[in-house]
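Since the structure comes first, as structure tokens, the remarks are kept for the end.
Order of appearance sets the numbers: ligands from 1, and atoms from 1 within every ligand.
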Amino acid sequence: MAERAQCPGSGSPDFYLHGGELHCEQVPVRELVERFGSPLYIYSAATIRERAKRVRVAFGDTARICYAVKANPNLSVLRLLHEAGCGFDLVSGGELERLAVACLPTDQAVFAGVGKQRWEIEAAVAAGLLFFNVESPYELPLLAAAGEAAGKPVAVALRLNPNVEANTHAYISTGKDENKFGVAIDRAAAVVDEIVANPWLSLVGYHVHLGSQLRAVGPYVQAFERVAAFVDGDAKRSDGVRYYDLGGGFGISYGEGDPLDVAAVAAALLPRLQERGWIPVVEPGRFIVGDAGILVTSVLGEKLQGRAKFLLVDAAMNDLMRPALYQAEHPIVPVLSRPDAEMRTVDVVGPVCETGDFLGRARSLPRCQRGDLLAVLATGAYGASMASNYNSRCRPAEVLVDGEQARLVCRRESFAQLLQREI
Ligand code: LLP
């Protein structure tokens with residue numbers, strides 16, 4: 001029997017090499033591309049379940065795990081996470097609509113969002129959530145009116161901005177004074193007063209979210225201490241409070257360094273929460289789906305220019321925006337390993353007319369030929385979900401693998417779909 005080896009750079013054992021060929025669970029990746037075309041997103045159900053379980057084991061049975069839908073909103077992924085015992089973290093009426101279409105319950109869902117519209121607030125209240133994360137004072141009268149119309153006070157958590165450094169990319173840091181999110185702690189007293197004074201609002205918790213791709217426990221503890229100090233400033237700030245929503249942001253490794261030690265975050269926070277009788281709520285997105293996905297792309301050709309060697313592939317920044325937007329580095333590996341092939345350093349670039357359109361720069365890869373397949377790893381989070389039609393490109397298909405089964409969970413976009421909104 002051919003040997004099974006870990007796929008270098010992958011954070012998931014469900015992507016591995018067997019006979020030199022990349023597999024997702026029991027299925028050879030090459031077969032999936034033959035069936036569904038390229039570029040192609042491939043997700044492992046086993047990895048998604050394992051990650052949800054890891055968070056559950058760390059935070060315990062009473063914790064509410066609200067998967068951040070924005071990371072990967074595919075309906076089949078949402079259903080899988082519901083089956084794994086997760087609720088959802090929503091940030092738009094569109095995400096709420098996804099739960100409705102997938103017939104998923106909303107009673108374990110929370111709704112954040114820095115600029116909610118009236119219709120979104122009304123739809124969320126009508127759906128009935130675990131609680132609503134308030135980020136701005138303007139939401140309060142809209143929420144109270146929706147509560148009054150429904151004849152039931154709305155459960156709200158106040159999202160505080162604790163001004164904590166998350167040590168992450170500037171574009172995905174959210175818990176600093178200069179970021180638009182949450183209510184600054186020094187302005188929060190008046191907001192709590194307003195919530196408490198309104199019979200149609202009921203303060204049930206506090207929420208923070210410091211940013212994404214955090215790798216250290218410290219910021220989570222610091223944020224909690226700041227929230228706790230605020231709450232202790234006045235008895236009415238803790239009256240009726242049952243939940244502490246510590247947000248998401250659990251980092252993964254992207255082939256370098258360690259992922260966030262989620263168990264250590266839980267170990268640091270749970271005793272502090274227990275002391276107050278507060279139930280933990282977590283909103284992981286990337287940690288659950290990031291390592292569970294790859295983007296497979298096919299080599300178009302090679303080109304030498306100045307000192308650079310470009311490897312042209314059929315996936316581009318419209319399919320995976322993270323390298324262009326955040327200078328993110330995703331490991332890239334060949335789907336078929338060829339140990340004897342000459343290694344070279346190349347920039348892996350797509351067909352989009354932008355100099356910033358790269359999937360990876362200065363990567364050491366075996367010499368490739370037209371048609372060879374490459375896998376861009378750890379793209380299950382914020383990959384397909386951020387894909388666009390730039391350059392009038394159709395978005396890729398998505399496949400979910402579960403054991404030896406592979407199921408198309410999102411069709412490749414067609415030109416008809418690309419044009420259907422235009423008049
Ligand atoms: N909760 C809230 C309120 C959030 O805003 C986010 C992400 C999460 C939870 C989930 O964060 P996660 O656990 O996935 O880090 N597009 C960027 C990430 C943006 C994250 C936005 N908010 C990227 O590709 O890195």
Heavy-atom pairs closer than 4.0 Å: do any link ligand 1 to the side chain of [X], the backbone, both, or neither?
X      : result
Tyr171 : neither
His209 : side chain
Asp89  : side chain
Met321 : neither

Hey, what do you get for CZ (Phe111) to CD (Glu95), rounding to the nearest 0.5 Å? 8.0 Å
Please identify which atoms of ligand 1 are closer than 4.0 Å to at least one heavy atom of [X].
X      : value
Gly285 : 12 (P), 13 (O), 14 (O)
Gly249 : 11 (O), 12 (P), 13 (O), 15 (O)
Arg159 : 3 (C)
Arg286 : 12 (P), 13 (O), 14 (O), 18 (C), 23 (C), 25 (O)
Ser212 : 11 (O), 12 (P), 14 (O), 15 (O), 18 (C), 20 (C)
Pro284 : 13 (O)
Gly248 : 9 (C), 13 (O)

From [options] - option closest to [atom] by heavy atom:
atom                    : options                        : answer
atom 6 (C) of ligand 1  : Lys70, Glu283, Gln213          : Lys70
atom 24 (O) of ligand 1 : Met386, Arg322, Glu135, His207 : Arg322
atom 11 (O) of ligand 1 : Tyr382, Phe287, Phe250         : Tyr382

Tell me whether [X] is salt-bridged to [Y], with the criterion being a basic N under 4.0 Å from an acidic carboxylate O.
X      : Y      : value
Glu225 : Arg272 : yes
Glu329 : Arg322 : no
Arg51  : Asp291 : yes

Donor-acceptor check, side chain of [X] to backbone of [Y], threshold 3.5 angstrom: yes or no?
X      : Y      : answer
Thr297 : Pro39  : no
Ser212 : Gly249 : no
Gln417 : Ser414 : yes

Can you see whether Ser238 engages Arg276 through a side-chain donor-acceptor pair at a distance of less than 3.5 angstrom? no
Do the side-chain N and O atoms of Ser385 and Asn72 include a donor-acceptor pair separated by under 3.5 angstrom? no
Angle class for the Trp278/Tyr244 ring planes (parallel below 30°, perpendicular above 60°, tilted otherwise)? parallel
Which residue owns the protein heavy atom closest to atom 19 (C) of ligand 1, what's the atom, and how far is it?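 So the nearest neighbour among protein heavy atoms is Ile172 CG2, 3.8 Å.
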Specify the protein heavy atom at minimum distance from atom 16 (N) of ligand 1: its residue, its atom name, and the distance to 0.1 Å.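 Atom 16 (N) of ligand 1 sits closest to the protein heavy atom Tyr326 OH, 2.7 Å.
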